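The basis for the numbers below is simple: all heavy atoms, side chains too, and nothing from hydrogens, waters or symmetry mates. All chains are named by letter (A, B, ...) in the order of the sequence lines, taking the proteins before the strands, and each is independently numbered beginning at 1. Here the structure is a predicted model, which means the values were calculated and not measured.
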Amino acid sequence: MLSEYPATKRPCSEAGNPGGDPADTACALWLNNEYTVAEAGRLPELQVHLSLVERLRQVTAVRKGCVVLILALIWQAYAMLLENELMFPTFSSALFALYDALVQGELLRAVGTSLRVLAAAYAVGVVAAGLLTVLALTSRFGSDLLETCTGMFNLLPAIALLPLALLWFGLGYPSIMFVIVHSVTWPMTLNIYSGFTGVSNTLRMVGRNYALSPPAFLFKILIPAALPQILTGLKVGWAFSWRTLIASELVFGVSSGSGGIGWFIYEKKNQLDIPFVFAGLITIIAIGLLVENLIFNVLEAKTIRKWGMQS
Amino acid sequence: MHTSASPEISPFLEVRNLTLQYTTPQYLVTATWNVGFQVSSFDRLILLGPSGCGKSTILKAIGGFIKPAGGEIRLQGKLVTKPGSDRGMVFQEFDQLLPWKTALENIVFAVTSARRIPRRQALEEAREWLHKVNLTAFADAYPHELSGGMKQRAAIARCLATNSPLILMDEPFASLDALSRSAMQEELLRLWEENRRTLIFVTHSIDEALILGTRIILFSPHPGQVRAEFTSVRRNVGQSLRGRELRERIEYLLFQDRVDYAI
Ligand SMILES: Nc1ncnc2c1ncn2[C@@H]1O[C@H](COP(=O)(O)OP(=O)(O)O)[C@@H](O)[C@H]1O
Ligand SMILES: [Mg+2]
């Protein structure tokens with residue numbers, strides 16, 4: 001039967017099915033031509049290095065840095081035209097003020113005070129969110145409690161609690177702690193909890209297949225699987241708490257003479273040292289950027305982005 | 001280990017009068033009704049049936065993930081009540097590998113959790129299994145860097161590495177393209193020849209059932225009931241005349257109800 005066709009023009013199905021059933025060749029195809037493909041050495045280079053300029057343009061930080069530079073130049077030009085150092089100082093005088101404040105240590109002390117309070121309140125908030133979530137995962141009452149509380153308190157801006165905090169804890173850092181804990185706990189709880197409940201049923205069954213103990217199941221399956229939302233929760237919590245901290249310090253941030261960065265700004269305004277006010281604002285932005293880029297972005301890059309759990 | 005009912009040695013796996021139900025907020029859904037079959041050691045048993053007839057549900061019940069509403073499942077005479085590593089599961093979904101672990105670490109995790117052996121030994125065995133499924137080059141790749149077929153191969157390696165005597169596979173090749181699918185079927189048969197276990201394999205493809213199975217249980221549409229039982233005579237039976245008859249018979253049994261409905 002094969003002799004009916006030239007060697008290269010043979011029905012494919014027959015070639016793969018010698019002596020096959022006639023029904024299998026009912027829709028035979030002819031092999032008309034075969035081609036050889038180019039070998040690796042004769043193909044164009046598969047990976048070519050981009051030039052330095054090209055590569056720099058790929059770096060977001062470089063591009064964004066340029067935007068900041070342009071905005072700073074506009075600020076400088078406008079302030080120089082305005083010539084009103086009291087209402088709107090130039091960018092350069094804000095930078096000099098920043099330098100002065102840093103060298104004198106005044107600003108660093110204020111930042112230190114702020115960050116210490118923040119860290120304590122943040123830690124309390126994280127622990128509270130974790131406990132609430134565990135409670136919610138283990139009991140129906142717990143999940144009802146969590147959903148009700150987050151639903152209500154998420155709507156309550158932290159600043160709205162300031163008068164009450166003042167009444168309960170007086171002027172000073174206990175009040176600020178109270179307000180920040182409130183601002184961190186609810187969004188963080190919401191994110192962590194929705195992360196846990198969103199873990200796919202397949203992954204849960206994989207964990208149960210190995211008969212893991214409840215703590216092992218929590219730490220080896222649930223937490224890593226929910227990590228994208230947990231990190232989002234931590235990030236949102238940080239953003240909320242940082243803003244709340246500054247705002248509440250502006251209102252009553254002083255205790256035994258050492259105020260935070262919000263208090264620094266408030267004081268400088270009272271002394272009409274306006275370049276220092278701007279220096280304080282720049283510091284707030286700088287710290288915010290530093291934490292987001294250095295801590296959270298690195299954390300994300302090393303975990304969920306590396307694992308393909310977030311695009 | 002004898003069942004109280006029968007004096008002879010109990011079969012490897014026995015499913016008796018199994019009724020499985022889901023409770024949804026509005027309904028009580030009966031997925032399978034009064035299903036019974038037996039599995040002997042080293043069978044490659046195929047559960048074949050139309051989509052939605054409750055094949056996955058049965059498999060999950062055997063895995064211990066779903067409690068029966070009626071009837072029972074006995075593995076080597078022992079009542080199945082909860083999941084355990086004596087039954088390894090491969091799912092249809094590509095997301096069954098832990099995305100935060102590399103292919104190698106996924107297997108190591110399974111081996112250390114299921115068999116509680118030291119990490120050094122687990123690593124060694126995991127490498128061997130990766131080699132057996134041709135994934136050595138991808139040992140350190142994370143699941144999202146693997147193709148669909150590679151993920152399923154890693155999942156199969158992970159399942160076999162736990163040394164479970166019973167392997168449960170729920171349409172593991174259903175979302176693969178036709179070429180990888182038939183390659184994977186060959187590979188599964190080869191692995192099974194090298195390392196024999198009892199396999200229960202769910203599919204809705206008659207071809208796949210005929211290629212992979214030594215026995216086939218055919219289910220009626222929803223709610224699933226056993227419609228027929230087949231024992232194939234030899235491999236590649238789909239090509240032989242006997243195979244063609246078998247296929248036609250299966251097709252008739254599968255689609256008969258639908259024709260009746262149309263009339
Ligand atoms: N989690 C669930 N809740 C409610 N009903 C379900 C659930 N899972 C499956 N079912 C129903 O049970 C029946 C059998 O489903 P399944 O076992 O997944 O079928 P198969 O795997 O054979 O396609 C279907 O009718 C489906 O709608
Ligand atoms: Mg299914």
Distance from [X] atom [atom1] to [Y] atom [atom2], nearest 0.5 Å?
| X | Y | atom1 | atom2 | result |
| --- | --- | --- | --- | --- |
| S113(B) | F217(A) | OG | CZ | 12.0 Å |
| K220(A) | T112(B) | NZ | OG1 | 6.5 Å |
| K306(A) | E145(B) | NZ | CD | 9.5 Å |

For [X] and [Y], which heavy atoms make the closest approach, and how far apart are they?
| X | Y | answer |
| --- | --- | --- |
| L203(A) | L98(B) | CD2-CD2, 3.7 Å |
| A211(A) | P83(B) | CB-O, 4.4 Å |
| P99(B) | M309(A) | CB-CG, 3.9 Å |

A216(A) versus chain B, heavy atoms under 4.5 Å apart: side chain, backbone, both or neither?
-> neither
Residue part contacting chain B, namely of I221(A), when any heavy atom lies under 4.5 Å =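 The answer is both parts of I221(A).
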For atom [atom1] of [X], is the number of surrounding heavy atoms from other residues, nucleotides or ligands below 6.0 Å larger than 12?
| X | atom1 | value |
| --- | --- | --- |
| E39(A) | CD | no |
| F219(A) | CZ | no |
| R243(A) | CZ | no |
| R63(A) | CZ | yes |
| R190(B) | CZ | yes |

Go through the atoms of [X] and report whether side chain, backbone, both or neither lie under 4.5 Å from a heavy atom of chain A.
| X | value |
| --- | --- |
| R87(B) | backbone |
| K60(B) | side chain |
| T102(B) | neither |

Top residue by heavy-atom pair count (under 4.5 Å) with chain A, among A114(B), A110(B), G63(B), C159(B)?
-> A110(B)
Give the member of F91(B), F109(B), F65(B) that has the highest number of heavy-atom pairs under 4.5 Å with chain A.
-> F65(B)
Identify which one of E93(B), M89(B), Q92(B) satisfies the side chain to side chain contact (heavy atoms under 4.5 Å, CB included) criterion when paired with T202(A).
->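 By the side chain to side chain contact (heavy atoms under 4.5 Å, CB included) criterion, T202(A) pairs with just one of E93(B), M89(B), Q92(B): E93(B).
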Worked verdict on I223(A) versus W100(B) for side-chain contact (heavy atoms from CB on, under 4.5 Å) | CA-CA 11 Å; I223(A) 289 183; W100(B) 55 92; over 6 Å; no
May I ask you to decide if S85(B)'s main-chain N or O and N209(A)'s side chain share a donor-acceptor pair within less than 3.5 Å?
->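 A pair under 3.5 Å: no.
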All ring pair (Phe, Tyr, Trp, His ring centres under 6.0 Å) counterparts of Y122(A), not counting sequence neighbours | none
